[in-house]
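Report on the following structure.
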Amino acid sequence: MGSFATIQRFTEEETKQHNLRIQLLNKGHKAKYRFEDIIGKSEVIIRSKSIAEKMARTNSSVLITGESGTGKELFAQAIHNSSSRKEYPFIAINCAAMPDNLMESELFGYEDGAFTGARKGGKLGLFEFAHKGTIFLDEVEGMSPALQIKLLRVIQEGEVMRVGGNKIITVDVRIVAASNESLDELVASGTFRKDLYYRLNTLPVQLPPLRDRGDDIMLLFNVFREEFGVSFELSPNAEKAFMTHIWNGNIRELRNYVEYLAYLDKKIIDCEDLPQSFHSCISKPNKALSGTGESYESELLLRIAGNRLDDYLFVLECLNEAYAKHETIGRNSIAERADSMGIYLSQQEIRDILNKLDGLSLIKISKGRGGSKINSKGISVFNEMRNKY
Ligand SMILES: Nc1ncnc2c1ncn2[C@@H]1O[C@H](COP(=O)(O)OP(=O)(O)OP(=O)(O)O)[C@@H](O)[C@H]1O
Ligand SMILES: [Mg+2]
């Protein structure tokens, strides 16, 4: 039985409209993955899977946290498919991707004439549509405070009200939420509601980063190689580079690299074939630094920054100052600061610099509204460079 046939309340027209909207949201309404599809033999991933499988059987909200590309969406789908809700819709929504008012009408629907441009006859919200199924709230940390209150109401009361409406509609929807960041830090900094956090976090699943998954790196490498129908081998040094790479983009990054390497059409992939971001392959710490006395990270920063070192140091300085005040700092503030000091840096340039610094693991960029934060390695590199340049 298809997931739509189970909901008798909707007309064919409503279902058609709905499918269109889901396509527009670029997200599916069916969960494809099962736990069997989640590849991994490391202890950490097996533990995460077994916890999530147990949680799937309950009706409570689940909060999946993990870095980008660790498989949060995969897990959310697998949870739905192992639950008694599997014959009903699975609706995935990215909370950080949509403007607030659009998101509100998507989630809760609206009544006829609720606002200018509203569709005649009103619109069904995704919560109503997902009745008896699961709603996956991806990047939940990006949800605005106003919507956080409304979501809390759905979870607590199982009720929604359409925009511009006054009728309470009862819904039975299970929430699976995902976040790239630890939400408790956002609660502490006041950007995420504590009461909502506790409601979502009833059942927490933490997904391990790929760099902590040991042999899973080569296991996944082999799986993706097969998927792309290629048979190249890694040289011993290249394999070592794979095993020690930071993998900030986790499994998605690994998959992308396998695809990229497949295009090279070589039998053996050696270090020089690997993308630049494979730092450990560029040169080993001691060798690279002969004579200069700089740390490995500073050396990498010098290479990456090239003739833009001043801009990199300026951004690091902003982050360092924010850190001293126990704050995070966003692109806007950095841009304003640069402007006030007569330094010309566009938002895009600042974004690039922040991404590179994040790639070097000197800072951590938060998605959503969290801003960026320097870490201890970043501070020591900044101090080292500031004294020299
Ligand atoms: N254990 C796994 N086995 C096979 N493929 C996986 C596994 N984990 C993740 N992937 C693949 O890695 C990619 C990223 O997974 P997914 O989209 O679930 O990550 P995510 O944590 O939601 O990332 P983001 O935070 O960036 O949205 C997908 O292509 C997915 O199919
Ligand atoms: Mg995701």
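FYI, the numbering just counts along the sequence from 1. Computed from a predicted structure; not experimentally measured. Counting starts at 1 for both ligands and their atoms, in listed order.
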For I38, the ligand 1 atoms with a heavy-atom partner under 4.0 Å come out as 1 (N)
Are the charged groups of R308 and D311 less than 4.0 angstrom apart, N to O?
yes
Taking 4.0 angstrom as the limit, do K266 and D273 come out as a salt bridge?
yes
Out of D138, N256, L74, I39, whose heavy atom sits nearest atom 1 (N) of ligand 1?
I39
Quick one: do R85 and D172 make a salt bridge, cutoff under 4.0 Å?
yes
Give the ring-plane orientation class for Y257 versus W247, where under 30° counts as parallel, over 60° as perpendicular and anything between as tilted.
tilted
Proximity of V223 to ligand 1 by residue part, where a heavy atom lies under 4.0 Å:
neither
Those atoms of ligand 1 less than 4.0 Å from some heavy atom in L220:
3 (N), 4 (C)
Do any nitrogen or oxygen atoms of G69 lie less than 3.5 angstrom from nitrogen or oxygen atoms of ligand 1?
yes
Salt bridge or not between K123 and E111? Use side-chain N to carboxylate O under 4.0 Å.
no
Decide, yes or no, whether a salt bridge links R211 with E67 under the criterion of side-chain N to carboxylate O below 4.0 Å.
yes
So that I can tick it off, tell me whether R213 and E43 are bridged by a salt bridge, with the cut-off set at under 4.0 angstrom between side-chain N and carboxylate O.
no
In terms of atom number and element, which parts of ligand 1 are under 4.0 angstrom from non-hydrogen atoms of Y33?
31 (O)
Using a 4.0 Å heavy-atom cut-off, which part of N180 comes near ligand 1: side chain, backbone, both, or neither?
side chain
Would one find an N or O of E139, backbone or side chain, under 3.5 Å from an N or O of ligand 1?
no
So which of R252, R255, K72 gets nearest to atom 29 (O) of ligand 1, if we judge by its closest heavy atom?
R255
